[in-house]
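Notes to accompany the following structure.
We're numbering straight along the sequence, starting at 1.
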Amino acid sequence: MERACATTWEAGLGRVKISDIASAAGVSNATVSYALNGGGRVSAKTRDRILEISRELGFIRDDKAAQLRTGRSSLIGVVLNTVVNPFFSELVAALETAAYEAGYLTLLATAQNDPVRQHKLIASMIAQGVAGVVISPVHGPNAESISETLRRNIPTVVCVRDLPESGAAFVGADEVMSGYLAGCHLIEYGHRSFWFVGGYEQTTTWQGRKRGVLKALAEAGLPASACVLHPGSQRPEFARDRLLAAHSEHRMPTAVLCFNDDQATGVYRAAKDLGILIGRDLSVMGFDNIQQNDAMIPGLSSVDIHPTQIGRISAETIVKLLCNDNAPVDPVVLRPELVLRESVARLT
């Protein structure tokens with residue numbers, strides 16, 4: 001890997017040294033250093049030859065030694081709420097790839113929706129000397145959790161859930177627009193009331209989606225009460241249990257808007273248990289547009305908030321900050337897109 005910023009190389013495990021490569025290539029130690037660092041006046045032919053010899057000799061960079069001399073680490077700490085939800089798996093895969101291509105490795109940890117755990121993980125990453133931190137916050141108060149990274153001038157990027165009071169760079173989707181697109185679609189298909197299930201109501205993500213749904217209702221001349229709110233856990237079981245309880249109490253909705261696509265799988269399981277056909281007897285939508293949606297039967301309609309783009313841009317943003325601590329970084333707010341499949345029935 002070649003670092004996007006200045007890099008120093010060292011012999012791995014004390015076996016292969018720069019002088020060994022220089023001797024094999026018939027050049028000076030300085031030329032080898034320049035070639036490995038990507039700096040200095042070294043021809044492309046000489047550089048390629050040095051890199052090839054370094055690979056043949058099994059040369060490995062000693063990041064600890066490099067960090068001692070340059071004050072720079074090649075590690076980026078990544079704290080996510082979870083990776084069980086496929087949305088975050090897609091996000092972190094794109095983030096890791098972009099970071100790797102820029103010459104950085106990712107140190108991944110999951111907070112398991114626990115603010116205390118999140119705080120401890122960030123503190124541990126600071127202790128490990130990470131160059132920067134990317135965090136997708138858990139629910140609840142979070143600005144304090146990342147205040148230590150900002151106080152220490154450690155570049156920090158918040159993704160998915162914004163923490164506007166933190167002052168950290170943000171990468172995510174326009175959640176008001178996400179809710180608006182979902183609400184408009186259900187209303188267009190004749191649903192004059194529906195459920196909005198899951199999600200923690202104190203988060204900017206949930207609040208944004210709610211505002212978008214209410215905007216769609218208002219434009220259609222429908223009351224806010226037409227959207228029945230069921231905030232709570234984001235786990236699929238939460239949505240499944242709510243639907244089973246509604247069926248037993250004879251108060252089934254015609255449509256369910258799930259906080260995320262992963263949670264929609266709980267609605268699908270409940271419908272199967274009850275003998276209800278999704279896309280005919282019950283309409284279901286989600287947010288995220290994860291890859292599994294096409295494989296669900298019927299395919300799940302969703303609002304795409306671009307997890308892959310969020311991951312890639314988060315990595316690019318943290319690298320930009322690492323290369324220039326004073327670089328101005330505006331919030332990156334992606335425009336969501338409605339992706340239609342077969343899970344929403346048109347009411348007559």
With a 4.5 Å limit on heavy-atom distance, are the side chains of Leu91 and Ser136 in contact? no
Looking at side-chain heavy atoms only, is the closest gap between Leu80 and Val83 below 4.5 Å? yes
Are Phe238 and Phe259 connected into the same hydrophobic cluster when the rule is that any two of I, L, V, M, F, W, Y join if their side-chain heavy atoms are below 4.5 Å apart? no
Looking at Glu237 and Arg240, is there a salt bridge between them, counting it only when a charged N and a carboxylate O are closer than 4.0 Å? no
Main-chain N/O of Leu222 paired with Arg192 side-chain donor or acceptor, under 3.5 Å: no
Please identify each residue that fulfils salt bridge (Lys or Arg N to Asp or Glu O under 4.0 Å) with Arg161, with sequence neighbours left out. none
Distance-only side-chain donor-acceptor flag, Ser283 / His191, under 3.5 Å: yes
Thr156 side chain vs Ile154 backbone, donor-acceptor pair below 3.5 Å: yes
So, Arg49 and Glu52, do they make that salt bridge, N to O below 4.0 Å? no
Under 3.5 Å, is there a donor-acceptor pair between the side chain of Thr106 and the main chain of Leu108? no
I'd like to know whether Asp261 forms a side-chain hydrogen bond (donor to acceptor under 3.5 Å, both in side chains) with Ser302, so could you lay out the CA-CA distance, the side-chain angles of the two residues, the decisive distance to 0.1 Å, and finally the verdict. CA-CA 7 Å; Asp261 293 340; Ser302 181; 2.9 Å; yes
On the 0 to 90° scale, with breaks at 30° and 60°, tag the Phe196-Trp206 ring pair as parallel, tilted or perpendicular. parallel
Of Lys215, Arg209, Glu219, Arg211, which is the lone residue that meets side-chain hydrogen bond (donor to acceptor under 3.5 Å, both in side chains) with Tyr180? Glu219
Under a plain distance cut-off of 3.5 Å, with no hydrogens placed, do Thr317 and Ser314 share a side-chain donor-acceptor pair? no
Taking side chain as C-beta onward, heavy atoms only, is Thr110 less than 4.5 Å from Arg117? yes
Testing the 3.5 Å rule here: is there a donor-acceptor pair between the side chains of Tyr200 and Gln234? no
Basic-acidic side-chain contact under 4.0 Å: Glu316, Lys320: no
Single-linkage hydrophobic cluster, 4.5 Å side-chain cutoff, Val197 and Val344 together: no
Test of understanding: with salt bridge (Lys or Arg N to Asp or Glu O under 4.0 Å), list the residues that count as partners of Glu90, not counting sequence neighbours. none
Under 3.5 Å, side chain of Tyr268 to main-chain N/O of Val284, donor-acceptor pair present? no
Heavy-atom side-chain contact between Asp288 and Asn85 under 4.5 Å: yes
Any Leu334 side-chain heavy atom under 4.5 Å of Asp174 side chain: no
Are a donor atom and an acceptor atom from the side chains of Arg235 and Asn113 found within less than 3.5 Å of each other? no
